Amino acid sequence: MALAQVKIEATEERLNTLDMPQEGWSTAAREDALMRLRSMGLPSRRDEYWKYTRPDTLVQPTAPDAAVLHTDEVPVFDALGRLKIVFVDGVFSADESDDLTLEGVTIERLAGATADIHWAKGLYGVLENNGQNPVERPLAALNTAYATDGVLIHVTGTPSKPINLIYRHISNSSDAILHHVLKIDKGAEVTILENGPAAARFNKCMEIDVADGAKFHHVRAQGRDHERRAATHIFARLGTESSFKSFTLTANGVMTRNECVIELTGDDAHATVAGAALGDGDFHHDDTVFITHDAVNCESRQVFKKVLRNGATGVFQGKILVKSGAQKTDGYQISQSLLLDEDSQFLAKPELEIYADDVACSHGSTSGAIDEEALFYLRSRGVPVGEATDMLTLSFLAEAVEEIEHSTLAEEINERLAAWLARRRG
Amino acid sequence: MLNINNLHVSLEEEDKQILKGVDLTVEAGKVHAIMGPNGSGKSTLSYVLSGKEGYEVTEGSADLLGEDLLEIDPEERAALGLFLAFQYPVEIPGVGNMTFLRTAVNSQRKARGEDEMSASEFLKVVRERAKSLKIDADMLKRPVNVGFSGGEKKRNEILQMAMLEPKMCILDETDSGLDVDAMKLVAEGVNALRNEGRGFLVITHYQRLLDHIKPDVVHIMANGRIVKTGGPELALEVEQNGYADILAEVA
Ligand SMILES: Nc1ncnc2c1ncn2[C@@H]1O[C@H](COP(=O)(O)OP(=O)(O)OP(=O)(O)O)[C@@H](O)[C@H]1O
Ligand SMILES: [Mg+2]
């Protein structure tokens, strides 16, 4: 089908503001991605996949301004031993970053990797391209074509500490595009932490190849700057007996669309994608997940919880696709919102598409208010209404946080959740 | 200690009057029992006193230790010393029993301007009191009342009461669902708390609980009112003859 003229124009208008970096091995992938993008066009409000989230501000030629949040708070993973990689408004900061050497892993900047031959060539834009079917993800193609920087991480062993990508936001009008590639070798294991708002507008793409028996842990906390916008993509391919676990905390942000596309290609693999989102007022948060089971005896879990108040909006679009050979699939999906008032809304579109007969898939989506009976019970024991509400809210979020395997990270996230709630109590 | 005067209560949602002029005074150090047919308003009275939403007080008053109960929030009533052991204790998934207990104890202490209980002190006290109610460590760790049996829930109410050391305890059918041994445990728990400064209002259908927790005064509630007040012998009369005679007599 030919693209509508308005879509072509909107896409070209955006492309006019961008320059494609020329860097040896990645050039071909970037040009391919640009072709893909031109054939799809950037998303518009009429696209089915963008029914609940208006893509306008993510697509428009320049980023809408976003004020920088100033806070004395210690950044989320600061207390942990980790290797720091810092980007400021999407630009790598060598001064603030640690030395990129760590046993069991090689880390390079995308912008610095300009040779003609590179291991990342087999993945850069490749997993993204795989993930364009059956649903188009044009912002990811744009990312592959125009990413200015990112990291290429090759995990060969089990590094002693997590790698922490820190995204600082200091300019009100910054517009950042980062692309990371991770290759986790057979039996290797790594933890990636991400935190910070990154820019006024952030387009981030992460491609992850998890080889047989390898393990990937991911915990991210998207920045709390109220006006920041983000469109992020994770594309992952999972080998036999591998494990992928990703958790995202989103508190504030006027617009967030987090897409996660996972393909279980080896038998006995496991994937978990979880998220806790907290929104107050001008907040729109969209989790869009697509998990494809294409091997035997794999398990996948999607666990998303949202707490919404003062007119905040939450969206969940989650799909489990079980291909015909994928017997003994165990697919679980739950998306729930806790609406703290009647102005807030939660829109959910859970989908199952199953072509194998021996599978166990369950999905559920609910929207509810605080349990008044439980609230009264707590208050009748002397717990003040604000604290009691927070206790019940945290218990609602707990199921998502429990998906984080490392307890210190889970505790860290819980503290942030509690702090966010406490701030709103004043 | 607790003074209830001509209390009239209607449901907020529908135009239905449930309490139609309750008069009741519980003195410090005394145990009062309330008996009465199903639906007479006993639980409603206990909810209104503890501040549950959904009820409208159309007339009358209720005060505890000279403070107007009806003007303050449920948590303030609790800090003031009011405690209700629920007829149907509420399950709270995701909130650990221990965390709940500690938050409750320290919230009340804070509200009264007292020092909070340290973690180690709390743990010591809770273990000791749980033990006497045969509540094991597993029950303390589990989410509040989730998956507890009927009797376990009731024992858990008494544990909360023992930890919070309230001044005015209302027990709403704490005996229902308890086996004979559990009933003894619960009664022992209550009796251990009996002292000169503390008042009890025990709602029950059966004499059996009152064999263990000896009341000073027994009231009969019917159709939203206290229709008869007497000594312990009144409970025995109910046990033997039911309510028919009493109701006919006051009609
Ligand atoms: N929220 C409510 N909505 C409708 N009716 C109510 C509500 N609360 C109480 N009632 C009614 O008020 C009356 C008194 O109820 P309440 O629970 O106080 O009785 P009770 O004396 O505790 O009875 P029981 O011995 O069975 O526990 C009943 O007729 C009950 O149906
Ligand atoms: Mg009752």
Side-chain angles (χ1 to χ4, degrees), chain A residues 247 274-276 278 303-307 334-338 340-342 364 366 368-404 407 410-411 413-415 417-419 421-422 425-426, chain B residues 46-55 69 72-97 99-112 114 116 143-146 153 156-157 159-161 163-166 169-170 172:
Chain A
F247 174 90
L278 302 166
V303 183
F304 289 91
K305 301 267 187 166
K306 295 176 171 62
V307 174
I334 186 136
S335 65
Q336 295 182 310
S337 74
L338 178 62
L340 295 180
D341 53 53
E342 284 169 8
T366 63
I370 285 279
D371 179 349
E372 289 296 332
E373 295 282 325
L375 187 63
F376 174 62
Y377 192 67
L378 291 171
R379 295 180 73 185
S380 78
R381 298 308 183 236
V383 184
V385 63
E387 258 178 273
T389 306
D390 288 3
M391 275 176 96
L392 295 174
T393 306
L394 288 171
S395 76
F396 164 78
L397 293 165
E399 193 188 347
V401 180
E402 280 160 12
E403 297 294 329
I404 302 172
S407 58
E411 272 162 35
I413 293 295
N414 259 330
E415 276 169 31
L417 292 168
L421 293 170
R425 257 198 277 134
Chain B
S46 71
Y47 283 145
V48 170
L49 292 175
S50 32
K52 192 174 181 181
E53 280 175 22
Y55 303 100
L69 276 182
I72 56 177
D73 288 334
E75 52 268 41
E76 295 172 307
R77 300 180 196 201
L80 187 62
L82 184 70
F83 179 89
L84 167 63
F86 283 55
Q87 182 173 0
Y88 304 107
V90 181
E91 299 191 359
I92 314 183
V95 176
N97 212 7
T99 311
F100 162 64
L101 274 171
R102 210 175 135 214
T103 309
V105 167
N106 283 334
S107 294
Q108 291 201 13
R109 289 186 164 219
K110 211 166 135 191
R112 292 193 291 258
E114 300 164 10
E116 294 191 6
V144 181
N145 292 328
V146 177
K153 282 180 183 165
N156 202 29
E157 293 291 287
L159 174 63
Q160 291 168 38
M161 186 167 90
M163 291 306 296
L164 293 167
E165 301 178 334
C169 310
I170 305 175
D172 191 357

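Naming convention: chains lettered A, B, ... in sequence-line order (proteins, then strands); numbering from 1 in each chain. All values reported here derive from a predicted model rather than from experimental measurement.
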Task: Gap between atom OG1 of B/Thr103 and atom CG of A/Leu378 - 0.5 Å precision - done: 8.5 Å
Open item on the list: Need one label for B/Asn106: side chain, backbone, both or neither, based on atoms under 4.5 Å from any heavy atom in chain A.
Closed with: neither
Task: Among B/Gly94, B/Pro89, B/Pro74, B/Ala78, residue most engaged with chain A (heavy-atom pairs, under 4.5 Å) - done: B/Pro74
Task: Straight-line distance of A/Arg379 CZ to B/Glu76 CD, nearest 0.5 Å - done: 8.5 Å
Task: Those residues that, when tested against A/Glu411, pass side chain to side chain donor-acceptor pair (under 3.5 Å) (two or more places apart) - done: none
TODO: Using the test side chain to side chain contact (heavy atoms under 4.5 Å, CB included), find all partners of B/Pro143 that sit at least two apart in sequence or belong to another chain.
DONE: B/Val146
TODO: Grab the two heavy atoms, one from B/Val95 and one from A/Met391, that are nearest each other, plus how far apart they are.
DONE: CG1-CE, 3.5 Å
Task: Proximal to chain B - members of residues 392-402 of chain A, heavy-atom separation under 4.5 Å - done: A/Leu392, A/Ser395
Open item on the list: What's the separation between atom CD in B/Glu53 and atom CD in A/Glu372, rounded to the nearest 0.5 Å?
Closed with: 6.0 Å
TODO: For the pair B/Asp73 and A/Val385, evaluate side-chain contact (heavy atoms from CB on, under 4.5 Å) and give the outcome as yes or no after the intermediate values.
DONE: CA-CA 9 Å; B/Asp73 288 334; A/Val385 63; 5.7 Å; no
- [ ] List in chain and number order the residues that pass ring pair (Phe, Tyr, Trp, His ring centres under 6.0 Å) with B/Phe100, two or more places apart in sequence or in another chain; answer none if no residue qualifies.
- [x] A/Tyr377
- [ ] Locate the shortest heavy-atom distance separating B/Gly51 from A/Phe376; write the atom from each residue and the value.
- [x] C-CE1, 3.5 Å
- [ ] Flag the pair B/Lys52 and A/Glu373 as a salt bridge only when some basic side-chain nitrogen lies within less than 4.0 angstrom of an acidic carboxylate oxygen.
- [x] yes
Open item on the list: Under a 3.5 Å distance rule, please check whether A/Arg381 uses its side chain to pair with a backbone N or O of B/Leu84 as donor and acceptor.
Closed with: yes
Task: Heavy-atom proximity to chain A below 4.5 Å, by part of B/Val144 - done: side chain
